[in-house]
Amino acid sequence: MQKYNPQKIEKKWQKEWDKSEIYKAEDFSEKKKFYCLIEFPYPSGAGLHVGHLRSHIAIDIIARKKRMSGYNVMYPIGWDAFGLPTENFAIKTKTHPKIVTENNIKNFTKQIKSYGPSFDWSREINTTDPKYYKWTQWIFLKLFNSFYDEKLDKARDIKYLDIPKNLNALEKREFIDSHRLAYEAEMAINWCPSCKIGLANEEVVNGTCERCGALAEKKIMKQWMLRITKYADRLIKDLDTVDYLNKIKTQQVNWIGKSEGAIVKFQIKTDDNIKTPEHSSEVFNEPEGNPRCRSKTCHPIYNNSINDNEKVVKSKNDAEPAEGFEPSDNRMTNLYLHHATGKSTPNLLYHSLKVFTTRPDTLFGCTYMVLSPEHPLIKNLESGILNLEEVKKYIEQAKNKSDLDRTDLAKEKTGVELKGIKAINPINNEEIPIWLADYVLASYGTGAIMAVPAHDERDFEFAKKFGLEIKQVVAPLFIGEGKNKIRKDKKNTKRTVVDVIIKHWEKDEYFCLDWSKSKNDWKSFVVGGVEKGESEEEAALREAKEESGYQNMRVVKKIGGIAYSRFFAAHKDVNRRDIKRSCVYIELLNSSFIEPKEEEVKNHNGIWVKKEKVKDFINLQEPKIHWDILQNGEKPFIGYGIAINSEQFNNLETSEFKIKITKWLEENNLGKKAINYKLRDWVFSRQHYWGEPIPIVKCEKCGNIALEKKDLPLELPDVKNYEPTDTGKSPLAKIDQWVNIKCPKCNSNAKRETDTMPNWAGSSWYFLRYIDSKNNKEFASPEKLKYWMPVDLYNGGMEHTTLHLLYSRFWHKFLYDLGYVNTSEPYKIRRSHGMILAEDGQKMSKSRGNVVNPDEVIEKYGADTLRLYEMFMGPYGDAIPWSTSSLIGMNRFLEKIWKMQNKVGTQNFVSANKNIETLLHQTIKKVTEDIENLKFNTAISSLMILLNGLDKKEKISNIQYSIFLIMLSPFAPHITEELWKMFENKESIHLQKWPEYNEKLAEETEITLVIQINGKVRDQIEVPADISEEEAKKIALGRDKIKKWTEGKEMRKIIFVKGKLVNVVV
RNA sequence: GCCCGGGUGGCGGAAUUGGUAUACGCGACAGACUUAAAAUCUGUUUCUCGCAAGGGAUUGUGGGUUCGAGUCCCACUCCGGGCACCA
């Protein structure tokens, strides 16, 4: 027998597989298709580290197993090669990024081939290849030439857009441009001063650049944007149709951040009162835009005309997108740019202000309004603001704050009142103050809020700080459960009550009631009824005296608000519907005491409880809350409950109230139902060289003109210097002969767009190109798309959940709307791998110097050892530290397999031991199921158990060994192929049929029956698996060990679990 | 603060969904082989009391349900990830 020499055999078989193309996927095979996918790598100069391989290997195992199970498997690979790292390296080494990319791909290919994955290399793609990015540009132009048809709820060609008749040529163009799914907007974007590039919202992490960590700045630039927000709702809804890890779904849903509520319109009133028309004369839906602001992307407060043309007729439950949230803005963008930059600031009359709220039911509790410091209304109200200097100063301060400062939750709230100006609460016509504060974001909703301090934490904090009115309009409702549940057959009684917290005269102890004397399990403070004409304090004092017996006390303070409760009171045999007015905190002054009347104390015992024990002693919700307030201060109640102080809406439950008031607002033209999203449109321009050129020509006369399909690809011109510029202009802008061209429409002088696309562009559709990677006529043929799509299994990192995964779903839906693909979702199943940490438990990184290089591991132990270890180290989805010593265990496992070839006899099952056969079938079952469920670690462990079993035998059969090798082959393709061929097999092991198990043979015939006494294991016996209950009990009780425990004791019960145990209860 | 995960030996981790907790691997210890070491092979290895037979404890903490809980329920705590003044 030769020594196991992985270096030799692995290279040999890799060449052989390459030559014979055994992993090639067939288009239109008779077999069932299976398309599995990993996120294609970015070929960086650093090369692969062991962490990158984890998902490649895992999906490779699935691909191999599926292939052996008779599927036509496509497992493709390619390169996501545009982007900054390559460009930066190119600049540093003065090498063309094309060359850098080529070299990196060469190196990556070598590395990848060295661990033996079963990729179909014939479909290899490269996003920087003009033949590829021709289609990226083509899709971009499709977006440019489409609009979102709200009626049909899908994208359509722009030629179907309804254009208002009365527009002149320029207005018409602007109208169309403002409806394109790829559109230009001048806006404040996130700018990384170090990378010198604009960032998408998703690329900003904690206010810093995701890539380099530099603090992102705001920069106002004209940007290409993609209207992903139009797909927000579908991107949430269609998650129901796919199988993604739950955490991926919730992350996407949270990121899109849908909230339903209402837009409410408030009237603004200045002191002189001349600028405020009667609101009754207004119609809510009437356009009220600023006629002098030309921009269609301007805030809809100024411009409603676009919306009005897009009115959607939807089902009753579907609200239109919030008006205050038109899609032109990016998440970090200043909505009011045109005004804020002073481009268009006419001194107009502004008579209303809209806010978005998810709690229209709290409108009666709105005691002030807050505008974000950037709100344009301020500028137009200047003449009425009495403290203008102060206000301007505040705006200036806010402007100079970084995003990080502004969003720091730990800091105290700041703000300034607009003196001389008031808002009118439309529900009750009350005049309320208007404040400016940077806790209100310009980029969400309408940039203004109605403040309800009693029911919102932020408003509460602000109101407390500035002494603003806090008005409770929602009362919490506590409903008894269990014993305390309302009983239908009992009488209902209504009472008005107060909680009374009584403090001891010298100790830090509190008077509590234990109701166990009556039929209740309550533990509370003193609860007292408020009698007619009595104040809460008076009632509290009276009850405190009656129930506790103490006589000298004083009211310290009243805390809490109104709360309702509904429960059954067993001691009175009635249902109670209490209105708790508040809680009164009382301190005893001395021990003066008169024995309370029997009547007062027959249901409960009074107990003094130490301060630190009170929290655990009390078991009713309201007193618990009152105690918390006494200890930690008042808090707003933000939950749902019952309306109070809300006039005709009083006593409505919150969710019902919301519906009713929204209807009321709509009927009175004061507001309407609205939906808001946190998701912003996708900033699509990058001011860099190494990306797809945006195929647009800019003509002074004709505006933005799309290139024709025949002019694609628009190739990147060669350029001497690809350094980014500080001006924010792309390096392409400097190449005059490329930039200056004739307008394709009017032939006058025009310029090319010089920004490029982000590297998320190429990756947003690459999985479609694999299907037909050589097609010159289409991005892929419809027939092939139909055959292969959707992707059956897609694996990728969690870090791409709100980036690539969301973007590519968006593009796919767009292509679906236009009829280019036949599924609305691209990926059927999405899974995610865990990170491999360095041996020190930290993230692997070059700077920490703790990176494990797969090349070295392969060199020393072989690819099969590496592959096995990466799968064995722990659950696939978990982050696990690398351990070289554990890796050695996998090498030992392979050595053992190698040596076992000597034990293989030629006879088939003749000498097979019954136990081994059972074990074999159990293993087939386990491995088959585990691979399907991505439980590779336990699959390998069961293969080890089988090997250990085989190893105990003198001889093993050819068939046993073969089945073992076949099962191992997806994990360790090289050694299994070598051993397989050694036994005179002609065809590759990777083309063999996956073994099937026999359920009968996998069953044990003998089991270990466990005998327990009171749930504790006391004895075990070998018995036939199908032993009857009676038989088992008889044997169990007859055992000496068991007799020892049962002697002299009464046997209460014997439990029998088939095939498992007998439990004797004594 | 909110939303997801998770806490099991010295370490990575198993546990058929309520039925023998600690599979499998690493490490450690002892033995065999060897002049010796490495490699390999054999055995031991959750903790604890005990010479032993045997007992006791144990799945982050505290309670509960159950004949029986790592698994279910309640409260707390710690760790990881995501979001974060989103009205």
Side-chain angles (χ1 to χ4, degrees), chain A residues 205-206 245-255 257-259 261 325 331 355-359 362 370 372 406-411 413 437-441 443-452 455-459 461-462 616 638 676-680 798-799 801-802 834-835 868-869 872-875 877-890 892-893 895-896 899 925-926 929 935 937-945 947-948 1007-1020 1041 1044 1052-1066:
Chain A
V205 177
N206 286 332
L245 285 182
N246 247 334
K247 60 176 173 177
I248 296 176
K249 285 193 185 182
T250 41
Q251 258 185 51
Q252 289 215 347
V253 169
N254 291 343
W255 183 262
K258 178 177 179 171
S259 26
F325 175 65
R331 192 164 188 167
V355 299
F356 173 74
T357 176
T358 55
R359 292 294 298 270
T362 61
V370 189
S372 66
R406 268 186 74 160
T407 56
D408 181 7
L409 284 173
K411 76 161 191 231
K413 292 213 167 12
D438 66 4
Y439 82 89
V440 173
L441 307 175
S443 56
Y444 183 79
T446 65
I449 60 155
M450 59 178 238
V452 185
H455 305 290
D456 181 279
E457 273 167 21
R458 296 148 301 178
D459 298 343
E461 195 192 322
F462 191 80
D616 293 328
I638 54 175
N676 246 330
Y677 299 94
K678 284 199 261 183
L679 183 74
R680 297 293 117 118
M798 284 307 292
E799 70 274 20
T801 301
T802 52
M835 221 187 311
L868 271 171
Y869 176 61
F872 182 73
M873 61 197 308
D878 289 9
I880 294 163
W882 181 265
S883 158
T884 301
S885 62
S886 289
L887 172 90
I888 291 165
M890 301 304 115
R892 285 185 197 147
F893 174 55
E895 289 277 6
K896 228 178 191 176
K899 282 179 197 151
K925 183 170 194 248
K926 176 92 178 135
E929 288 168 358
K935 290 165 83 176
N937 53 335
T938 48
I940 294 171
S941 130
S942 66
L943 283 169
M944 287 172 167
I945 293 170
L947 184 79
N948 291 344
I1007 55 145
T1008 309
L1009 186 76
V1010 167
I1011 308 166
Q1012 297 181 330
I1013 305 291
N1014 291 342
K1016 277 196 163 64
V1017 182
R1018 295 300 178 192
D1019 199 5
Q1020 337 188 336
K1041 279 187 189 169
K1044 201 177 90 183
R1052 291 232 311 269
K1053 207 183 205 178
I1054 305 175
I1055 283 140
F1056 172 74
V1057 181
K1058 198 168 183 308
K1060 297 267 188 233
L1061 56 78
V1062 173
N1063 186 13
V1064 184
V1065 186
V1066 298

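Closest approach of Arg359(A) and Ile638(A) over heavy atoms only: NH1-O, 3.1 Å.
Taking Lys1058(A) as the reference, Phe1056(A) meet the side chain to side chain contact (heavy atoms under 4.5 Å, CB included) condition, with sequence neighbours excluded. With sequence neighbours excluded, the residues satisfying side chain to side chain contact (heavy atoms under 4.5 Å, CB included) with Ile945(A) are Leu919(A), Ser941(A). For Val452(A), the side chain to side chain contact (heavy atoms under 4.5 Å, CB included) criterion is met by Thr362(A), Cys366(A), Met450(A), His455(A), not counting sequence neighbours. Here Gln251(A) pairs with Met798(A), Thr801(A) under the side chain to side chain contact (heavy atoms under 4.5 Å, CB included) rule; sequence neighbours left out.
If you check rC76(B) for Watson-Crick or wobble pairing at under 3.5 angstrom, you find it paired to rG60(B). Nucleotide rG1(B) has rC83(B) as its partner under the Watson-Crick or G-U criteria, with both atom distances under 3.5 Å. When both distances must be under 3.5 Å, the Watson-Crick or G-U wobble mate of rA38(B) does not exist. A 3.5 Å limit on both hydrogen-bonding distances identifies no Watson-Crick or G-U partner for rC33(B). The partner of rU45(B) is rG27(B), judged by Watson-Crick or G-U wobble contacts that both fall below 3.5 Å.
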Open item on the list: Strictly under 4.0 angstrom, non-hydrogen atoms only: write out the protein contact profile of nucleotides 16-25 of chain B, one letter per nucleotide from the 5' end, B, S or -.
Closed with: B--BB--BBS
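Below the 3.5 angstrom threshold, one finds no donor paired with an acceptor across the side chain of Lys678(A) and the base of rC83(B).
Residue Val370(A) is classed as having no contact, given no heavy-atom separation below 4.0 Å to the nucleic acid. Heavy atoms of Thr358(A) sit under 4.0 angstrom from primed sugar atoms or phosphate atoms, though from no base atom. Using a 4.0 Å heavy-atom cutoff across all strands shown, Pro881(A) reaches no nucleic acid atom at all.
In this model, the phosphate group of rG5(B) is not approached by any side-chain N or O of Lys247(A) to a distance below 4.0 Å at OP1 or OP2.
The separation between Met835(A) atom CE and rG81(B) atom P is 8 Å, rounded to whole Å. Whole-Å rounding puts the Leu245(A) CG to rG5(B) C1' distance at 11 Å. The CG-P distance, from Asp438(A) to rA87(B), rounds to 18 Å in whole Å. Between the P atom of rA39(B) and the NZ atom of Lys899(A) lies a distance of 13 Å, rounded to the nearest Å. In this structure, Asp1019(A) places its CG atom 14 Å from C1' of rG54(B), rounding to the nearest Å.
Sorted by first and then second residue, the side chain to side chain donor-acceptor pair (under 3.5 Å) pairs involving residues 1007-1018 of chain A (not counting sequence neighbours) are Thr1008(A)-Glu1022(A).
Base orientation at rU17(B) is syn, since its O4'-C1' glycosidic dihedral falls within 90° of 0.
If you check the side chains of Lys1053(A) and Asn1063(A), you find no donor sitting under 3.5 Å from an acceptor.
rU20(B) and rA14(B) have their C1' atoms separated by 14 Å, with the value rounded to a whole Å.
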